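Keep in mind that this is a model prediction, so the values were computed, not measured.
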Amino acid sequence: MLDTLKEQVVAVAKEAERLGMCRHKSGNFSIYDPETGYVVITPSGVARDVLGPEHVCVMDLSGRVIERAAEVKPSSEAMMHLYIYKERKDIRAIVHTHARYSTAFSIMNKPISPLSMSAPTWQDGTVPVAPYGRAGTVDLAEKVAEVMKEYDCCLMESHGAIAADKDMDAAFLKAQYVEEIAEMYYITLAAGNGAEPHVLPVEELQ
């Protein structure tokens with residue numbers, strides 16, 4: 001069921017690990033299929049070097065598991081993905097990473113500002129922070145979905161980053177942009193002894 005979407009999820013999960021964005025089985029990836037109303041999502045606790053389409057789980061938006069291999073269960077963050085899909089009817093794919101620089105800003109509870117032309121150009125160019133919620137809980141799912149009403153990307157306080165878009169490639173590209181601008185922001189703050197750098201105005205980003 002939904003084999004092509006499963007293959008897309010597996011490919012991006014492996015690439016995210018290769019890039020160092022999701023190490024040690026961390027992070028999760030999903031695609032929503034509007035024709036069936038089902039979500040394909042990475043499993044919990046399966047190493048990326050052995051991850052295959054047969055491990056990817058299928059759920060409906062209520063959280064009911066439609067299909068899974070006997071030895072796996074859906075990602076512990078599945079609820080968060082489902083809440084975002086229910087909140088944002090235009091979203092078809094979600095990427096959650098634990099990349100180093102964006103996670104560092106999530107730990108500091110510090111939004112990432114638009115600093116250069118590499119900054120995200122959606123919304124106001126800022127990557128906001130969703131308030132802390134315990135991983136895998138409805139509390140976290142509600143808090144992240146609330147922020148994602150207005151933004152395609154956000155940080156999750158003391159946790160990591162999340163990005164969403166119309167397909168998996170676009171969502172993953174946004175996740176990479178978030179990490180890149182987070183790294184630039186970190187370097188700029190370090191070079192300036194903590195002084196906040198100039199932020200580009202919204203009209204310039206547009």
Side-chain angles (χ1 to χ4, degrees), residues 9 12-13 16 21-34 37-45 57 59-65 73-114 119-120 122-168 170-182 185:
V9 166
V12 169
M21 299 178 71
C22 293
R23 297 183 177 183
H24 315 301
K25 305 179 184 179
S26 70
N28 31 78
F29 308 82
S30 72
I31 299 175
Y32 172 65
D33 177 51
Y38 293 159
V39 174
V40 297
I41 189 166
T42 44
S44 177
C57 303
M59 309 177 71
D60 66 18
L61 290 178
S62 72
R64 182 169 61 102
V65 177
K73 58 183 179 180
S75 167
S76 61
E77 301 291 4
M79 193 68 66
M80 179 175 66
H81 290 244
L82 300 181
Y83 270 59
I84 294 171
Y85 287 128
K86 286 188 284 188
E87 194 64 57
R88 290 282 302 275
K89 304 303 183 184
D90 58 322
I91 291 302
R92 296 290 180 268
I94 295 172
V95 170
H96 165 43
T97 71
H98 292 180
R100 289 181 177 178
Y101 289 94
S102 48
T103 299
F105 280 96
S106 81
I107 292 169
M108 292 187 288
N109 194 18
K110 185 175 179 62
I112 300 172
S113 301
W122 53 90
Q123 285 86 40
D124 61 4
T126 300
V127 182
V129 185
Y132 178 78
R134 185 175 296 167
T137 63
V138 171
D139 178 49
L140 177 63
E142 290 177 340
K143 288 173 176 174
V144 173
E146 180 65 25
V147 174
M148 295 287 281
K149 284 181 180 179
E150 304 295 334
Y151 289 87
D152 293 346
C153 302
C154 77
L155 304 180
M156 302 152 64
E157 184 180 349
S158 300
H159 191 149
I162 192 161
D165 211 320
K166 65 185 184 301
D167 58 47
M168 180 53 77
F172 187 45
L173 181 60
K174 282 185 174 175
Q176 292 175 80
Y177 276 136
V178 169
E179 178 63 6
E180 181 176 321
I181 196 66
Y185 196 7

Requested in this report: For the pair H96 and H98, name the ring-plane relationship: parallel under 30°, tilted 30 to 60°, perpendicular over 60°.
Outcome: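 Rings of H96 and H98: perpendicular, over 60°.
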
Query raised in the report: Using 30° and 60° as the class limits, which term best fits the ring planes of F172 and F29: parallel, tilted or perpendicular?
Result: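 Perpendicular.
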
Do [X] and [Y] come within less than 4.5 Å of each other through their side chains, counting heavy atoms only?
X	Y	result
K73	V65	no
P34	R92	yes
H81	M59	no

Residue pair [X] / [Y]: nearest heavy atoms and the distance that separates them:
X	Y	answer
A171	A93	CB-O, 3.7 Å
T97	V95	CG2-CG1, 3.6 Å
V147	P131	CG2-CD, 4.5 Å
A164	I94	CB-CG1, 4.0 Å
I41	A78	CD1-CA, 3.7 Å
T42	A13	CG2-CB, 4.2 Å

Spacing of [atom1] belonging to [X] relative to [atom2] belonging to [Y], to within rounding of 0.5 Å:
X	Y	atom1	atom2	answer
F105	L155	CZ	CG	9.0 Å
N28	S44	CG	OG	9.0 Å
S102	I181	OG	CD1	12.0 Å
Y151	E146	OH	CD	12.0 Å
R134	L140	CZ	CG	11.0 Å
E77	S30	CD	OG	11.5 Å

Kindly say whether [Y] contributes a backbone atom to a donor-acceptor pair with the side chain of [X] at under 3.5 angstrom?
X	Y	result
K149	E87	no
S106	H159	yes
D139	E142	no
E179	Y101	yes

Query raised in the report: Any cation-pi pair here, K86 with Y83, using under 6.0 Å and within 45°?
Result: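 The answer is yes, since K86 meets both limits relative to Y83.
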
Requested in this report: Assess whether side-chain contact (heavy atoms from CB on, under 4.5 Å) is satisfied between I162 and M156, documenting all intermediate values.
Outcome: CA-CA 7 Å; I162 192 161; M156 302 152 64; 4.2 Å; yes

Report task. For M148 and C154, run side-chain contact (heavy atoms from CB on, under 4.5 Å): C-alpha distance rounded to whole Å, both residues' side-chain angles, the deciding distance at 0.1 Å, then the answer. Result -> CA-CA 7 Å; M148 295 287 281; C154 77; 4.0 Å; yes

Report task. List the steps, then state whether side-chain contact (heavy atoms from CB on, under 4.5 Å) holds for Y132 with N109. Result -> CA-CA 9 Å; Y132 178 78; N109 194 18; over 6 Å; no

Requested in this report: Give me the one residue out of L82, I91, I84, L61 that meets side-chain contact (heavy atoms from CB on, under 4.5 Å) with Y32.
Outcome: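 Answer to the side-chain contact (heavy atoms from CB on, under 4.5 Å) test with Y32 among L82, I91, I84, L61: L61.
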
Requested in this report: Test M108 against V129 for side-chain contact (heavy atoms from CB on, under 4.5 Å), laying out the working first.
Outcome: CA-CA 10 Å; M108 292 187 288; V129 185; over 6 Å; no

